[in-house]
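Some notes on the structure that comes next.
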Amino acid sequence: MSLSEFSLINKFFNVTSSAAQPALLGIGDDCAVVDVPKGYQLAISTDTLVEGTHFLASSDPQYLGHKALAVNLSDLAAMGATPAWVTLALTIPNVDERWLASFSHAFLALANKYSMQLIGGDTTQGPLSITVTVMGLLPADKRLTRSGAQCGDGVYVTGKIGGAGLGLLLAKGNKAEQDNEDLLSYLRPEPQVELAEVLLNIASACIDVSDGLAADLSHILKASGVGATISHAALPVTDGVRDYCQQSGDWQFPYSSGDDYQLCFTVPKTLEKKLGQLVAAANISRIGEIEESLGLRVQAENGEAVIINKGFEHFKGVM
Ligand code: ADP
Ligand code: MG
């Protein structure tokens, strides 16, 4: 059975939820209209997931629905913004109601978790592609950027690094158990929304780790005009990633593999104690320090400082 575009939107996406900032006008008109509360500013970000580039063909829609929003929430988190509204531009090859039900259920469940409102979008026919735009609120004079890191600041990451990269290898090989933690962190990343709201008052710079830690931390270093040395021994990895690095001999794997959607941030020395008081030690790791000398160095386990390969870049070798 095929549904007209409008009844499709109403059936799967026009679902009322408990929005923290209800729009003045949501789905149904030519535009959505929202009010930015006094004393706040709007943070906006868009990310597209394309079949074959960002996810494997025939990916489970319950994971895609979650991930399409999660990767965008991760960008809001990296700025310290509180999620408020979201739009969804969905290009689908055909109207598959079971696919749509599963996708929209997962998407809206994550939106509800953070009291976000889906306020509009577009639905078109074509090769599967999902574009999500998120809007979040920041107190008027505040934001976490890439450019605030200073010499002596501690370098931190949340969660574990490299797991999603290994998860992708497992997904491609079709070998892993369904509850494998690395596979799940690839299929269903959890954005660090709550932590970001704490970091807004503590971190000097912040980025989310989407293209690989080496590439993303290098963005902070470049934007801030500084360098860093991180300690390989301090890098938090899962047992699976540790085993993989040992077996493959590729110890740089967690630095260059993407899709983790953890946060990498820097904290001035004077605020590191406060960070420790506000965030459970299990959720963050101090992996190194910001230095004057430009570039990213990793102190390997044998004590040698190595400059490591960067992460995943689209159009590499093309542009
Ligand atoms: P228009 O032709 O004016 O762009 P559409 O028919 O594309 O309007 O969309 C009708 C309404 O449904 C609009 O409010 C639009 O924002 C919303 N909408 C369309 N697709 C989606 C979607 N996938 N998710 C949420 N809202 C959507
Ligand atoms: Mg439209």
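Order of listing sets the numbers, starting from 1, for every ligand and every atom in it. Side chains are part of it too, since the values below use all heavy atoms of this structure and drop only hydrogens, waters and symmetry mates. Since the structure is predicted, the reported quantities are computational estimates derived from the model, not experimental observations.
Remark: Glu181 does not engage Lys160 in a salt bridge, criterion side-chain N to carboxylate O under 4.0 Å.
Considering backbone and side-chain atoms together, Ile119 places no N or O closer than 3.5 Å to any N or O of ligand 1.
Counting heavy atoms closer than 4.0 Å to ligand 1, residue Ile27 contributes atoms from both its backbone and its side chain.
In this structure Tyr261 satisfies the ring pair (Phe, Tyr, Trp, His ring centres under 6.0 Å) test with no other residue, sequence neighbours excluded. Taking the salt bridge (Lys or Arg N to Asp or Glu O under 4.0 Å) definition, one finds that Lys113 meets it with Glu190, sequence neighbours left out.
The ring of Tyr255 has its center closer than 6.0 angstrom to the ring center of His232.
Proximity to Asp29 (heavy-atom distance under 4.0 Å) selects the following atoms of ligand 1: 13 (C), 14 (O). For ligand 1 and Gly28, the ligand atoms under 4.0 Å from any heavy atom of the residue are 11 (C), 13 (C), 14 (O). Less than 4.0 angstrom separates some heavy atom of Asp30 from each of these atoms of ligand 1: 3 (O).
When only modelled atom types and interatomic distance are considered, Asn283 and Thr158 share no side-chain donor-acceptor pair under 3.5 Å.
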